[in-house]
Amino acid sequence: MKFSKQILSTEWTFKDRDDETPGAWMPVAAVPSTVQQDLIANKKLEDPYIGFNELKARWVNEKVWVYRHVFQRPEIPTGATVALVFDGLDTFASVKLNGDIILESSNMFLGYRVDITNALGPAKSTNVLEIEFDCAQLKAIELRKKDPDHKWHGFNGDMARLGVRKAQYHWGWDWGPVIMTAGIWREARLEVYSARVEDLWPQTKLSSDHKTATVTAVAKIDQPNSEGSVARFNLTLLGQEIAQVDVPVPADKKAQASFEVTDPKLWWPHGYGPQTLYEVSVSLLNDGNDLHRVSKKFGIRSAEVIQQPDKHGKSFFFRINGVDIFCGGSCWIPADNLLPSITAERYRKWIELMVAGGQIMSRVWGGGIYEDDAFYDACDELGVLVWQDFMFGCGNYPVWPELLESVRQETVYNVERLRHHPSIVIYVGNNEDYQVQEQTGLTYNYEDKDPESWLKSDFPARYIYEKLLPELVSEYSPSTFYHPGSPWGDGKVSSDPTVGDIHQWNVWHGSQEKYQIFDALGGRFNSEFGMEAFPQISTVDYFLEHKKDRHPQSQVMDFHNKADGHERRLATYLVENLRMSTDLETYAYLTQVVQAETMMFGYGGWRRQWGDERKCGGALLWQINDCWPTISWAIADYFLRPKPAYYTVKRVMKPVVIGVRREHHDWSVVHAVPPQKSRYEMWVASSRQEVLHGTVELRFISVDTGKDLRTPAIFKDVLITPNGTSEITSGVIDHVTESEPHVLAARLWIDGQIVARDIDWPQPLKYLEFADRGLQVKQQPGASAGQQLLIISSQKPVKCLVFEERENVRISDSAIDVVPGDEQVVEVTGLNESDSPLEYRYLGQ
């Protein structure tokens, strides 16, 4: 018989297990869902994202919930199998069919398949499916008590979470609430078949000259007797068949076909080439009947992590198809606490936002989930590289045998599910677990290579990161690079800047350094760093219930910022750098200015270092997104509304950028005594692969008058180094003779077009007077419908001109610095002539 499936999405009910009152069963709109979503739909729970409602929702975390579905027995031909399939159960689930337990689940990250052919009632009978979800919060506490000798150390949430294979951020994080979801969080279905394709794995090998590639497709067949069965493999590109081959299904039920592809169309990250996707399919044939067909899209590309000794230590950067790639991007957390609410469209909008912002890589963080297929599909199609953590975060994980076996199954399941995606270029063992080991004094001897001794130590999870995971990745996705942890550097202390990747949190956390020296704090690959900022005001207004709370220091405002000590840290960076204000709109804007400046100083300097023997291989800011409406390090808020920092990163990540910077003068150390002289430097960074020539201009412009203090320096026919950095000039500012505070304004022309700007300001900005800037913003129709142009000019230097963000309106640039004599144009799409002009503000307005 031909494979068929029935999605079990509707006609579910649910209830609190202990509620025996009449009418306790409530309808479920659709599965996948979580109990919180279903309670909200039944008006039993207020939106936990508003006000203090998270606290009102805590009772849900401590209950046991039951879901029920009644279905008719499907028609089952003789010899066919009926399987009940769950792609995700959250988390401790006991599944009953007609009163009998058929499955016990304890891992949110696993899919499950149960043969229920003999458990169903007779033909045309009604069958009752019930799933009881035990309380993960209480279950975790029970499990912790069973291992009292383990050192339950870590950061964020209840450390009992370490014994449970559930998304760790559900216990609360320093950017998210405590919402312990339960439910059928991914698709549930019935499958009826006599045979099926269990797995299809396309593997590629690209020749060093890129002129040929071998595609090997391996199909794993689930069939009682494969005699006489044929696997028909097809390889296509853009709907056009390249090759077809029939392969008899062997006794081991693994059918394999290889295709030689000449002049292969390569898959590239965006900005480097097209995102070409081939498709391989396999049809399972028996006596001419097509029993089941599965297809997968994949890309042909090579991906390497280059770690080699150099003058800076040991490199850490990515090489795709033989091209070195500076991986500027961001870390990704789950985009919602209620995971089933994230649609494929919403995933795609997030990836589109990354691409529009020039981001090359997304790091799927280890305290969340192995993401939905829609996330990786969008990364494949739009060209975003994926750094994939395994789901261990900020803790000393226990390793009892049942847990290790669950981790093994979870790893195999997810690597098999994800390994065809060309976007995934690295698997990483954990997030910050080696930092926990260091900070809490757990035993770690890198020279000890005996895995059995690791299991007996007080840091037993080393066995997971350095034996179990690398062995499984090597077996199930051997072409993908594995890295034991993030941060990690060959057994050295995790903050060592000369090797591996680092998380640089000495801006904001730690020693709270000045953000102006961020580039000096970096390592070989900066996989976490950040600065907090308020979201857009419309997002703040969403989570505020009462007008009285609409000020920066209200209790509900603090409640929606989960970072420890955020009041002091925000205040420190604001007071150090900007003139303060307490009205909400201005205060929120000032935090956004600080975040934007922080990203600019970090990204700009690290991108420059790429040209110095790849001293910095990439920078992934913390974080691109939020899981609820909040105040956090995200550069775009829960509703996909960019903060100003999004645009500063976008500018620094353009293919060709110019940078200018004067040396840092730490005004707080010298008690605000101004410098007598300052060195400055100017450079151009390019990710283009060809040699370019351009013209560079450097101006010295008074902040107070807008007049040039020197004749502009012009550099013609500048040779721009391919995929590297070109140092243009350096010099000294004599503050005795040039006593007026002034900006250094750099521009780069290529083929007569301005392609990049950068402006360096005297620091701190709070010492500058920004009154009477003479700013003009004129709006005129663009070349296409729904497009408007903003023509921007000023009489004096303007700092951080930010435009209002509106729903379904996209702005090409914001958080702009403007100087006299340099008109800038911003394109706005989705804004009609009849709409009111976008509001804007700038520093000191």
Side-chain angles (χ1 to χ4, degrees), residues 106-107 109 139-166 168 171 307 314 365-367 388-412 414-415 426-475 481-496 498-503 505 527-528:
S106 61
N107 191 323
F109 307 126
K139 188 76 174 175
I141 294 170
E142 291 177 14
L143 289 169
R144 176 173 180 168
K145 290 177 180 176
K146 291 182 179 180
D147 195 359
D149 295 331
H150 180 69
K151 293 184 178 179
W152 297 80
H153 298 325
F155 322 135
N156 292 300
D158 185 338
M159 288 305 107
R161 66 178 172 82
L162 303 174
V164 177
R165 298 312 296 151
K166 176 176 173 63
Q168 301 289 268
W171 272 266
Q307 296 187 95
K314 189 177 183 181
W365 168 74
Q388 178 66 55
D389 283 359
F390 285 98
M391 292 302 118
F392 302 89
C394 300
N396 181 31
Y397 283 82
V399 293
W400 54 72
E402 297 85 357
L403 191 60
L404 276 181
E405 175 57 23
S406 187
V407 168
R408 188 195 69 80
Q409 293 178 22
E410 162 194 322
T411 304
V412 172
N414 284 287
V415 171
I426 186 172
Y427 287 114
V428 177
N430 68 80
N431 171 80
E432 296 185 353
D433 292 359
Y434 286 98
Q435 285 189 332
V436 171
Q437 172 265 315
E438 292 166 0
Q439 293 182 28
T440 59
L442 300 173
T443 303
Y444 184 73
N445 177 9
Y446 181 66
E447 302 305 319
D448 177 6
K449 302 301 182 182
D450 176 18
E452 294 303 314
S453 72
W454 307 343
L455 288 172
K456 298 171 186 175
S457 74
D458 58 7
F459 181 50
R462 179 184 181 185
Y463 183 90
I464 298 175
Y465 314 139
E466 297 182 36
K467 180 172 173 60
L468 182 64
L469 295 180
E471 288 181 352
L472 292 173
V473 170
S474 177
E475 179 178 357
F481 183 83
Y482 176 82
H483 189 55
S486 183
W488 165 263
D490 289 359
K492 294 187 177 182
V493 63
S494 62
S495 58
D496 191 317
T498 68
V499 62
D501 69 312
I502 66 169
H503 293 184
W505 280 108
S527 49
E528 269 194 32

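All values derive from a computational prediction rather than experimental measurement.
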Output the distance between atom CE (Met391) and atom CH2 (Trp365), rounded to the nearest 0.5 Å.
8.5 Å

Show the numbers, then the answer: is there a side chain to side chain contact (heavy atoms under 4.5 Å, CB included) between Glu438 and Val493?
CA-CA 8 Å; Glu438 292 166 0; Val493 63; 3.7 Å; yes

Under a 3.5 Å distance rule, please check whether Trp152 uses its side chain to pair with a backbone N or O of Asp147 as donor and acceptor.
yes

Within the side chain of Asn396, is there an N or O that forms a donor-acceptor pair under 3.5 Å with the backbone of Asp458?
yes

Parallel, tilted or perpendicular: which fits the ring planes of Tyr463 and Trp454, with parallel below 30° and perpendicular above 60°?
perpendicular

Any side-chain to backbone donor/acceptor pair from Thr411 onto Val407? Under 3.5 Å, distance only.
yes

Provide the closest heavy-atom pair for Ile502 versus Asp496 in the form atom of the first, atom of the second, distance.
CG2-O, 3.3 Å

Apply side chain to side chain contact (heavy atoms under 4.5 Å, CB included) to Leu404 and Leu468, showing your working.
CA-CA 9 Å; Leu404 276 181; Leu468 182 64; 4.3 Å; yes

Verify whether one side chain among Ser457 and Thr443 offers a donor that lies under 3.5 Å from an acceptor in the other.
no

Would you call Lys145 and Glu142 a salt bridge, using N to O less than 4.0 angstrom?
no

Please work out which of the three classes, parallel, tilted or perpendicular, describes the rings of Phe390 and Tyr482, given edges at 30° and 60°.
tilted

Could you tell me whether a side-chain N or O of Ser494 sits under 3.5 Å from a main-chain N or O of Trp488, the two making a donor and an acceptor?
no

Between the side chain of Asn431 and the main-chain N/O of Gly366, is any donor-acceptor distance below 3.5 Å?
no

Indicate yes or no: does Glu471 engage Lys467 in a salt bridge with an N to O separation below 4.0 Å.
yes

With a 3.5 Å distance limit and no angle check, can you tell me whether Asn430 reaches the backbone of Cys394 through a side-chain donor-acceptor pair?
no

Single hit among Gln409, Lys166, Arg165 for side-chain contact (heavy atoms from CB on, under 4.5 Å) with Asn107:
Arg165

When you measure from the side chain of Arg161 to the backbone of Asn156, do you find a donor-acceptor pair of N or O atoms at a distance under 3.5 Å?
yes

Does Lys449 have more than 12 heavy atoms from other residues, nucleotides or ligands lying within 6.0 Å of its NZ?
yes

Donor-acceptor pair, side chain of Asp433 and main chain of Ala461, under 3.5 angstrom
no

Testing the 3.5 Å rule here: is there a donor-acceptor pair between the side chains of His503 and Gln435?
no

